[in-house]
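Read the structure below first, then the notes.
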Amino acid sequence: MDRSISVIQLLPLLLKGFGITLLLAAVAIGLGAVFGTLLGSLYAWGGRVVRAVLFMLVTIVRGVPLVVQVFAVFFMLPAYGIKFSAVSSAGIALTLFASFTIMEIVRGGIEVVPKAQMQAALSLGFSYHEAMRTIVLPQALRSMMPSLVNQGVFMVKATSVVSLFGVTEFMYVSKEQIERTLMGFEIMAFVWIAYTIVCYPLTALGRRFEEHLKGRGQTSLAGAGA
Amino acid sequence: MIEITALKKSYDARTIIDGITLSVPKGTVCGVLGPSGSGKSTLLRCVNFLEPYEGGEIRVDGELVGYELDNGRRALKPRREIARMRSECCMVFQQFNLFSHMAALDNVAIALVKVRGLKAPEAREKAEALLAKVGLSNRKDAYPAFLSGGEQQRVAIARALAMQPKVLLLDEVTSALDPERAAEVLDVIATLGREGMTMMMVTHQVHFAREVCRHMVFLDEGRIVEDGGPDMLARPKTQRLRSFLRHLRLA
Ligand SMILES: Nc1ncnc2c1ncn2[C@@H]1O[C@H](COP(=O)(O)OP(=O)(O)OP(=O)(O)O)[C@@H](O)[C@H]1O
Ligand SMILES: [Mg+2]
């Protein structure tokens, strides 16, 4: 063991790991938001068959812990000769997870807007698209916002799962360095602070939004316990 | 102003409106009564064309609602035309249905902007005047969740009036309110009636209906069982209406 080095010297290594963590989270959240919105809209407005298929998929994907899903991507795809790097596999697994979680949020957001809101707008002479744009979607988005923010925070934290699979993200690198330098306390303190610096502002943002909605007597999905 | 002739409407195989003929002259109020499920809401929704209908016709100010005739064949009107007619024939709902993400003032102003194409400041100005008319100037910044039922319903009426409709359709607008709140709303409606607004109004408020409605129809199973003037409810001719009124009083 080498007590002469300090966390400062490990900083470049640790930050590189943290960079990969943030990259994974950004990819999963970004792609997840795109796919999730598409799938959620499909679910809310789609026909019976579309709904049935999506329901089946979401049940399959969300029926197991995240770590099992990552396992599946890491070990099932190669069995079919599909090979990705560890980081790509992790990105795929986390995106898959985020997509279906966000799909559920979007579907819920659209479905909680009562049909009567659309009817009231139409009865005043709104076109369908104008009613969608000015009446239904803003309400859906507002109700989804806190859940989406929570989901973002969750994704940042959830990336740590892939450290189990040798992806050199923040936790993996930190664990390596702890084993090498035995500076468990210092490194873990740094890890703790780094996650918090990213997650806390997001959490606070979510809470602000929640308060904002409450101030207007509106409910969010998160507030409604969904 | 509203001419309904032999109107027929069904959901799947079930006939809901079974040949209704009814005329509401300009500046008069027509009361619609009937037991639950008799098709009162459906009738109003057809006039606003929230529901298509298969048979007969509805005309508002002489213009056929929802369809146009092309060599004697009926085809849907273009969407813009349907929307325009809806905006001239506004509906007020039992559950108010205010836009919950907008304050009272914007609830009234939004359609002026999006449907009538007014600039926002002008729309707000008109909306303020309308809120004053329904006695809610002091509540214009409140969100629907913080308004009482009676206040919400008056905002909903102001929202409909903003379109300066030729006709106002009121579907049990006081059923979700306690008697005091209902009275606030009924006052507004009575005033509109005196000012000559043409209205079709579904209601169970027998006394109010007798005061305000020039004409009344009693529906059962999608047909007009009895119609008459304000005293129809005092001297019902049919057994069906008599028993309906008896149940209404006991309720
Ligand atoms: N969208 C729909 N699909 C199928 N059936 C419907 C639909 N809307 C209404 N109905 C049926 O049409 C019939 C008439 O309904 P309507 O709402 O017009 O009655 P109502 O006279 O307004 O009753 P209430 O006093 O309860 O409001 C009811 O039997 C109802 O079940
Ligand atoms: Mg009804």
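The analysis underlying the following values was restricted to heavy atoms, covering all of them including side chains, and did not include hydrogens, waters or symmetry mates. A note on names: the letters A, B, ... follow the listed sequences, proteins ahead of strands, and every chain is numbered from 1.
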Can you say whether A:Lys214 sits under 4.5 Å from chain B via the side chain, the backbone, both, or neither, judging by heavy atoms?
-> backbone
Geometric cation-pi criterion, B:Lys9 with B:Tyr11: 6.0 Å, 45° = yes
At a heavy-atom separation under 4.5 Å, does B:Phe99 approach chain A through its side chain, its backbone, both, or neither?
-> both
Under a 4.5 Å heavy-atom cut-off, does chain A meet the side chain of B:Met102, its backbone, both or neither?
-> side chain
Test item: side-chain donor near acceptor, B:Thr203 and B:Glu172, under 3.5 Å = no
Note: vs chain B, highest number of non-hydrogen pairs under 4.5 angstrom among A:Leu124, A:Val113, A:Thr134 is A:Leu124
N-O pairing of B:Asp171 and B:Arg45 below 4.0 Å | no
Nearest heavy-atom contact between A:Gln69 and A:Val64 is NE2-O, 3.4 Å
If we ignore angles and hydrogens, is there a donor and acceptor under 3.5 Å between the side chains of A:Ser127 and A:Glu130?
-> no
Under 4.5 Å to a heavy atom of chain A? For B:Asn48 that would be side chain
Examine whether an atom of B:Ile82 lies under 4.5 Å from a heavy atom of chain A, and if so say whether it belongs to the side chain, the backbone or both; otherwise answer neither.
-> neither
Identify which part of B:Met163 has an atom lying under 4.5 Å from any heavy atom of chain A, answering side chain, backbone, both or neither.
-> side chain
